[in-house]
Amino acid sequence: MELGDKTELSSLSFEELQAFVKDIGEGAFRAKQLSEWIKKGAEISEMTNLSKALRDKLEQKAYVNGVHIREVLTSKLDGTEKYLYELVDGNLIEGVRMRYHYGDTLCVSTQVGCRMGCMFCASTLDGCVRNLSAGEILGQVLAVNRRIREIAPDEKGIHNIVMMGSGEPLDNYAEAIKFLRLVNAPEGLNISLRNISLSTCGLVDRMYRLADEGLPVTLSVSLHAPNDEIRRKLMPAANAYSIDDILKACRYYIEKTGRRVIFEYALTDGINCSERDADELSTRLRGMQCHVNVIPLNEVKERSLKGPTPEQVERFIARLEQRHISVTRRREMGDDIQGACGQLRRSRM
Ligand code: SAH
């Protein structure tokens, strides 16, 4: 049997796991035993409370996690870790663990590559190879938790998740939603939805759908521009959806979930970082329950776009603050380890 024909246990909800166990002729209590191992990211061979015969049977039909850490780069500046993961079909994806005083945050990928075509992003340079399954998105968390247990058994493991790695989560909608349910499940990692952010380039119809799912994650929207004309220079998705429509969908999201929306804004020299741009942005966001995350553009060598000077960043932020917009400068973490989306994978492909 090919690996691809086997059941990926990390993708199964508890109910699906119960059905799987029944299918292979085992008692219902096995589902509970298996789920305990799955959330630890254990291999079948490590499931010591199962008989050898049962482990052999499982090996024939299933594998736990199709995501394996192949390389780790550790920042000397702040302990940020960058991972290169290998999937069962040999594809590579990447992720980042950031360490904060309240716990670790893992940035997860949702697709191999991306088809959104944003001008500043390295993940999209070769398009989208394929969607990740819900189990492969979860598998990144399982693999990193396993690593943490091995190197630092006293640490708690991943506490927050940001869906900001490669890929557009709302372009892989069903698996992204299933991942949220899996990672939040009481039999699973039981991570609160409040500790999870989903970042989108603004696929408006899917934003409405997400608002109606009853999954109150933090919605981050990659805005990057104060008006459609500038946004279209940076993001092809801006040709399909206007900022007005995006903001309308955000208001709906806020109303449905009670959560504020985060706007990501990457400052790009000569494109979107003048004080006029800041003024226009604050006018559009006025009165909205939101927060702006300003990021100096992380330069990608295949693209000609340039980052701002520190003065430009300061001025842009000060201008938004003057106009009472809640704003922070996103800390640049792991600057010494190819922190920008997609750069590590490309260098190893
Ligand atoms: N597709 C989703 C999530 C992946 S990108 C989205 O568009 O939001 C995660 C975030 O990183 C987005 O805000 C994206 O715009 C930003 N990003 C990508 N490349 C970047 C770069 N070179 N510098 C700064 N931010 C970048």
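Note that the numbering runs from 1 along the sequence shown for the chain. Below, all heavy atoms of this structure are taken into account, side chains as well, without hydrogens, waters or symmetry copies. We count ligands from 1, going down the list as the structure has it; atoms in each ligand are counted the same way.
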Engineer: Enumerate the atoms of ligand 1 whose separation from the nearest heavy atom of Cys201 is less than 4.0 angstrom.
Structural biologist: 6 (C), 7 (O), 8 (O)

Engineer: With a 4.0 Å heavy-atom cut-off (strictly under), which part of Met116 contacts ligand 1: side chain, backbone, both or neither?
Structural biologist: neither

Engineer: Does the Asn172 side chain pair with the main chain of Gln111, one donor and one acceptor, at a distance under 3.5 Å?
Structural biologist: no

Engineer: If you take the centroid of each ring, where Trp contributes its six-membered ring, are Tyr265 and Phe263 closer together than 6.0 Å?
Structural biologist: no

Engineer: Does Glu299 reach ligand 1, in the sense of a heavy atom lying below 4.0 Å from it?
Structural biologist: no

Engineer: Just heavy atoms, cut-off under 4.0 Å: does Glu264 contact ligand 1 by side chain, backbone, both, or neither?
Structural biologist: side chain

Engineer: Identify, by atom number and element, the atoms of ligand 1 in contact range of Cys121, meaning under 4.0 Å from any of its heavy atoms.
Structural biologist: 18 (C), 19 (N)

Engineer: Show which atoms of ligand 1 fall inside a sub-4.0 Å distance from at least one heavy-atom site of Glu168.
Structural biologist: 1 (N), 2 (C), 6 (C), 7 (O)

Engineer: Parallel under 30°, tilted from 30 to 60°, perpendicular over 60°: which one fits the rings of Tyr102 and Tyr100?
Structural biologist: parallel

Engineer: Please compare Gly165, Ser199, Cys107 and report which has the shortest non-hydrogen distance to atom 4 (C) of ligand 1.
Structural biologist: Gly165

Engineer: Looking at ligand 1, would Gly167 count as a contact under a 4.0 Å heavy-atom criterion?
Structural biologist: yes

Engineer: For a quick check under 3.5 Å, do Glu264 and Ser199 share a side-chain donor-acceptor pair by atom type?
Structural biologist: no

Engineer: Above 12 or not: heavy atoms from other molecules or residues under 6.0 Å from CZ of Arg130?
Structural biologist: yes

Engineer: Give me the one residue out of His68, Glu94, Arg97, Arg70 that meets side chain to side chain donor-acceptor pair (under 3.5 Å) with Tyr83.
Structural biologist: Arg97

Engineer: Starting from Val112, can I reach Leu125 by hopping between I/L/V/M/F/W/Y residues whose side chains sit under 4.5 Å apart?
Structural biologist: no

Engineer: Using heavy-atom distances only, which candidate in Ile295, Thr110, Asn298, Leu203 approaches atom 23 (N) of ligand 1 most closely?
Structural biologist: Asn298

Engineer: Taking only heavy atoms of Val300 into account, list the atoms of ligand 1 that are under 4.0 Å away from them.
Structural biologist: 22 (N)

Engineer: Does the distance from a Lys or Arg side-chain N to an Asp or Glu carboxylate O, for Lys32 and Glu36, drop under 4.0 Å?
Structural biologist: yes

Engineer: Decide whether Leu223 and Met164 are clustered together by the hydrophobic rule: side chain heavy atoms of Ile, Leu, Val, Met, Phe, Trp, Tyr closer than 4.5 Å, transitively.
Structural biologist: no

Engineer: Using a 4.0 Å cutoff against the non-hydrogen atoms of Ser222, which atoms of ligand 1 qualify?
Structural biologist: 6 (C), 7 (O), 8 (O), 12 (C), 13 (O), 14 (C), 15 (O)

Engineer: With a cut-off of 4.0 Å, which atoms of ligand 1 are near a heavy atom of Leu297?
Structural biologist: 23 (N)

Engineer: Counting only heavy atoms closer than 4.0 Å, does ligand 1 sit against the backbone of Val221, its side chain, both, or neither?
Structural biologist: neither

